[in-house]
There are 2 protein chains.
Amino acid sequence: MSSPADDPLPPHPLSAGRSRPPRARRSLSREAIVTQALAILDAEGLDAVSMRRVADALGTGPASLYAHVANKEELLELLIDRVMSVVVVPPPDPERWQEQIKQLMRDGRDALAAHRDIARANMGVVPIGPNAIRIAEGMLAILRTAGVPKRVAALAADTLSLYIVAHAYEGTLWEKRLEGEGAHYAERLHDYFSSLPPDRFPHLSSMAAELIGDTDDGEERFEFGLDILVAGVDAAAKRAR
Amino acid sequence: MSSPADDPLPPHPLSAGRSRPPRARRSLSREAIVTQALAILDAEGLDAVSMRRVADALGTGPASLYAHVANKEELLELLIDRVMSVVVVPPPDPERWQEQIKQLMRDGRDALAAHRDIARANMGVVPIGPNAIRIAEGMLAILRTAGVPKRVAALAADTLSLYIVAHAYEGTLWEKRLEGEGAHYAERLHDYFSSLPPDRFPHLSSMAAELIGDTDDGEERFEFGLDILVAGVDAAAKRAR
DNA sequence: ACCTGAACACCGTTCAAGT
DNA sequence: ACCTGAACACCGTTCAAGT
């Protein structure tokens, strides 16, 4: 998960005697800090990504990071943008706009899901990094090219982004419960719903199976939301025209 | 914002000489702890709700709380359930199910919005308290009575709940930015989008006004999502039948 | 300009000891 | 059974001092 281009290299042997740049080697950089934060995120999860842990992994103290990032919030914004860099946006095709929107949303969800509970950090942030705006531009391009009015497209982009992040976050929570409380977590939840008094909770008690679903129905739940949202945007666009 | 019924009362004068219950007065209780946590939440926000602050406000140390709540997560779950207690669920009316769902979602959003950034805590939790299951039962009752199939109703309840919490949380973030960076935050964001190079970001740069909206268009954004989601559930239900 | 050690003001949780 | 003081192992951030 390391990004070799970001690692500081040892001095190149052929440049040994040559004139050095005026200031000594910069052992830290934004890139190196974000790369190290990503490694910790992937290995141990978001809670392990502290200024102290990142600094420690870089062989320095937490105060040193503040020469390169304003604070932890900025570090997390940079980390999110790094994670989002893998999402590619397609050239808009008005004939297939609904499928293009869905695929972009799946890709965004996958990018977040590939890095533990990074989605939790994304919840608390107005994403404004280079990749965030690149993806937002791509989503707006698909909607506008398909004839969705400006205001509807803007509202839709907002709602769709919210759904991606919220669903990715919900998925990590589910995983956390499963690993934390053993594989019987879903089973215990199912039993709890089933055991509710049917006179007061007729629906909850009889719908335990549907509410819990399989252990691995996150994909179906995500697609259900995708269908609903994209169909809703289509309807809103037609209404607005 | 205090709930007098939860405050420990001084000994009643008429009961002065009577036989006391076997153990000394219990100065702490779940109810008192949650009430104090709610007061701190309302006064200073979620970040101020720490075990130490709550204990301090109750005149004791943090360790004392652990006799009544398992950990901070449980305290936050109890707090969320307290906040949700104001939401009332209507008797299902199949003729008006879409409006009933929307109103229930507005009420849930309002309950969260009335207590600072409590929505952030709600993001990280599978709500299972008495009020959470009461509201879930009410939502499922509306959907099922209107003829929505079980599986669709279960998926819809999940997606709708996610939207309520995610939108409430997004709203608190916006407020935090506005108060933290002054009223010019929206203006600066608008200028940033406008200033993006139009050749690379034609849509973002030309849609700044639509994307930022008025300072107070949270209500419109929420209603937009409500329309889309409820219409989408209706379509999915019809497809499934 | 960049980096550092040390400190400040906090966290959640545990545990032995008290009543 | 309930409560407590003290400690453990952490946090993010600041600041004077170094180079």
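Residue numbers start from 1 in every chain, and the chains themselves are labelled A, B, ... in the order their sequence lines are given, proteins ahead of strands.
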Within residues 47-54 of chain B, those residues having any heavy atom closer than 4.0 Å to DNA chain D are B/R52
Backbone of [Y] reached by a side-chain donor or acceptor of [X] within 3.5 Å:
X	Y	answer
B/E74	B/A70	yes
B/R30	B/H68	yes
B/K176	B/D117	no
B/D81	B/A132	yes
A/E210	B/A154	no
B/T35	B/E31	yes

Check whether any side-chain nitrogen or oxygen of A/S64 sits under 4.0 Å from OP1 or OP2 of C/dT4, and answer yes or no.
yes
State whether B/H68 places a side-chain N or O below 4.0 Å from either non-bridging phosphate oxygen (OP1 or OP2) of D/dA1.
no
For atom [atom1] of [X] and atom [atom2] of [N], their distance in whole Å:
X	N	atom1	atom2	answer
A/E73	D/dC11	CD	C1'	16 Å
A/Y66	C/dA1	OH	C1'	19 Å
A/E44	D/dC10	CD	C1'	14 Å
A/L75	D/dT13	CG	P	10 Å
A/L58	C/dT4	CG	C1'	14 Å
B/K72	C/dT13	NZ	C1'	12 Å
A/E74	D/dG12	CD	P	15 Å
B/L65	C/dT14	CG	C1'	14 Å

Side-chain donor-acceptor pair under 3.5 Å between A/R134 and A/S85, yes or no?
no
Gap in Å between the two C1' atoms, one belonging to C/dA7 and one to D/dC11, rounded:
14 Å
Only one of A/F222, A/F224, A/Y169 passes ring pair (Phe, Tyr, Trp, His ring centres under 6.0 Å) with A/Y163, and that residue is A/F222
Carboxylate-amine/guanidinium proximity below 4.0 Å for A/E187 and A/R177
no
Residue A/A63, side-chain heavy atoms: nucleotide from C/dT4, D/dC3, D/dT4 that is nearest:
C/dT4
Dot-bracket, DNA chain C: Watson-Crick or G-U, under 3.5 angstrom, [ ] crossing, | other strand?
||.|||||...|||||.||
